[in-house]
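What you see is a predicted model, and the numbers here were worked out from it, not measured in a lab.
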Amino acid sequence: MVQLRYLQRFIDAYQGKRTFAFQWSQDMSHDYLNLIGSADGDYEEFFRKNQENFDDTIVIFFSDHDYRTCQ
């Protein structure tokens, strides 16, 4: 996933320094709800790989709305 690769480069570049990152990633589910589960493995791998980097970190996941074409 492109966003996670960018975020990984950010973490690697500023390792050991206080930083703030905001990542917005709505593309995988914005038009097709079934794609949201396809990113689970990518996120799991990312967080497992960076477990030590997140010792003093707050991570917040949220959604701004549900599937936009529901009736």
What residues, two or more places apart in sequence or in another chain, satisfy side chain to side chain donor-acceptor pair (under 3.5 Å) together with Arg18?
-> none

Among all residues two or more places apart in sequence or in another chain, which pass the side-chain contact (heavy atoms from CB on, under 4.5 Å) test with Gln23?
-> Gln3, Leu4, Leu7, Ser25, Tyr43

side-chain contact (heavy atoms from CB on, under 4.5 Å) with Phe20: which residues, sequence neighbours excluded?
-> Phe22

Among all residues two or more places apart in sequence or in another chain, which pass the salt bridge (charged side-chain N to carboxylate O under 4.0 Å, His left out) test with Glu44?
-> Arg48

Point-to-point distance, once rounded to the nearest 0.5 Å, from CG of Asn53 to CZ of Phe46 = 8.5 Å

Partners passing ring-ring contact (aromatic ring centres under 6.0 Å, His included) against Tyr6 (at least two apart in sequence or in another chain) = none

Say you draw a straight line from CD of Glu45 to CG of Asp40; how long is it, rounded to the nearest 0.5 Å?
-> 13.0 Å

Count the heavy atoms belonging to other residues, nucleotides or ligands that lie under 6.0 Å from CG of Asp55, then report whether that count exceeds 12.
-> yes

With sequence neighbours left out, what residues match Val59 under side-chain contact (heavy atoms from CB on, under 4.5 Å)?
-> Phe47, Thr57, Phe61

Apply side-chain contact (heavy atoms from CB on, under 4.5 Å) to Ile60 and list each qualifying residue two or more places apart in sequence or on a separate chain.
-> Ile58, Phe62

Determine whether more than 12 heavy atoms belonging to other residues, nucleotides or ligands lie under 6.0 Å from atom CZ of Phe10.
-> yes

Partners passing side chain to side chain donor-acceptor pair (under 3.5 Å) against Gln8 (at least two apart in sequence or in another chain) = Asp12, Asn50

Which residues satisfy the side chain to side chain donor-acceptor pair (under 3.5 Å) test with Gln51, sequence neighbours excluded?
-> none

